[in-house]
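Indexing begins at 1, ligand by ligand and atom by atom, following the structure's order. The residues of the chain are indexed from 1 along the displayed sequence.
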Amino acid sequence: MINSQILGNSSSVIELKKLIDTVAVSDTSVLISGESGTGKELIAKNLHSLSRRSRHKFIAVNCAAIPRDLIESELFGHKKGSFTGAIGDRLGRFELANGGTLFLDEIGDLPQDVQVKLLRVLQERVIDPIGSIKPKPIDVRIISATHKDLEAEILSGGFREDLYYRLNVLPIISPPLRKRKADIVLLFEHFSKIYSKNQTDNITLAPCLVNAFESYSWPGNIRELSNISARLTTLYPGKKSLRVVDVPETMLPNGLRKFLGTAQKDKTGSNRVENLISLAQGDDRKVVENTQEEDLNHNLDADKSLKEKLAEFEKRLIKQALIESNGNVTKTAKTLNVQRTTLIEKINKYSINLT
Ligand SMILES: Nc1ncnc2c1ncn2[C@@H]1O[C@H](COP(=O)(O)OP(=O)(O)O)[C@@H](O)[C@H]1O
Ligand SMILES: [Mg+2]
């Protein structure tokens, strides 16, 4: 199943997959923490499908999406006539998941009164449908997830400590995408394959765009990367080696657009500073796309020492970046990813003069 696999070879994902394998066979409660879009639900599904419960159902409930006054009935069910609008008996999600796994997403949003009831279910292994006089025994594994800091919620009185310990027997942390940068290309191309009309039609990224993607913080995590992949796959079907300059700024993620800044792109349609940064970072995957860049690093005096050549190269790099940001030091510092004060020191040291 192409959509349910946890992809990635970064060390944090390898650790995560190992932990999932270990934890899946047990029957204890798991609490998955992590930012939105990091794959918490995917982890929960993997835990279910690797467990002895896999032949039974995986039922997901988003505690943040269900209106407050319906959540109890949604979870535990109700008997006909037990409240206005209860026109028939209704099975709750606990019963639907019986024998399988119940995934309680955004558990931090569960109202206090329902927290008490959930605690009882976890302790007694029975549910009380609304309006029913007989508790029903239930056998489900609880996996919950949250993007909130539940320990902070406990301190502020929003979440019950006793429930927290019941849910958090086995904690799993889903790392943000910025902590698994090594997987960005793999994930992007995976999503591009899915979004392409045919499976051979996926797009690939040029080193400059890989570099930009790896520098970006991805606040929406893998979901955001998936959305960008869908967008670029639609705009550039089958395009190989897509470059930053190929993509209009409005089509890039908001934060990334700000990060790159407008001044980087020169009129020839090439992005020189980015290439230079790649070169400076010694990334051998980087391809110089424009001979103008070569001008910057050849003609370095062959008789000079490595240190002198590096200094000369650094000076040219800074000068070029300054030109491309119209002399804006703050912008240049950002582009080159150095402190503004460091940049100013270097400008003085090399007596760089733009006029
Ligand atoms: N490691 C991964 N490999 C492949 N797809 C992933 C991975 N992590 C997340 N996804 C996909 O990203 C999207 C968001 O994941 P989801 O589990 O809904 O995140 P969360 O529950 O943390 O908000 C889903 O489409 C999911 O399939
Ligand atoms: Mg989710």
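With sequence neighbours excluded, the residues that form a ring-ring contact (aromatic ring centres under 6.0 Å, His included) with F83 are H78. Under the ring-ring contact (aromatic ring centres under 6.0 Å, His included) criterion, H56 pairs with no residue at all, not counting sequence neighbours.
Shown in contact with E41 at under 4.0 Å from a heavy atom are these atoms of ligand 1, numbered in order with element: 17 (O), 21 (O). Those atoms of ligand 1 with a heavy atom of L42 less than 4.0 angstrom away are 2 (C), 5 (N), 6 (C), 7 (C), 8 (N), 9 (C), 10 (N), 17 (O).
For the pair S36 and ligand 1, the shortest N or O to N or O distance does not fall below 3.5 Å. Between F191 and ligand 1, no N or O atom pair is found at a separation short of 3.5 Å. Between D105 and ligand 1, no N or O atom pair is found at a separation short of 3.5 Å. Considering both main-chain and side-chain atoms, I6 never comes within under 3.5 Å of ligand 1 through any nitrogen or oxygen pair. Taking any N or O of R223, backbone or side chain, at least one lies under 3.5 Å from an N or O belonging to ligand 1. Taking any N or O of L187, backbone or side chain, none lies under 3.5 Å from an N or O belonging to ligand 1. Looking at ligand 1, you'll find an N or O of G37 within less than 3.5 Å of one of its N or O atoms.
Using cut-offs of 30° and 60° on the angle between ring planes, the pair F58 and F103 is parallel.
For atom 11 (C) of ligand 1, the candidate residues are I222, V13, N46, L16; the nearest heavy-atom contact is made by I222. For the residues K40, K17, R180, H147, the heavy atom positioned nearest atom 22 (O) of ligand 1 is part of K40.
A donor-acceptor contact closer than 3.5 angstrom is absent between the side chains of N221 and T38. Between the side chains of T330 and R340, a donor-acceptor pair is found at a separation under 3.5 Å. Side-chain polar atoms of S192 and T233 form a donor-acceptor pair below 3.5 angstrom.
At least one donor-acceptor pair under 3.5 Å links the side chain of R53 to the backbone N or O of G100. No donor-acceptor distance shorter than 3.5 angstrom exists from the side chain of E153 to the backbone of D109, with no hydrogens or angles considered.
At least one heavy atom of E35 sits less than 4.0 Å from an atom of ligand 1. Using a non-hydrogen distance threshold of 4.0 Å, Q5 registers as a contact of ligand 1.
Looking at R316 and E312, a side-chain N of the basic residue comes within less than 4.0 Å of a carboxylate O on the acidic one, giving a salt bridge.
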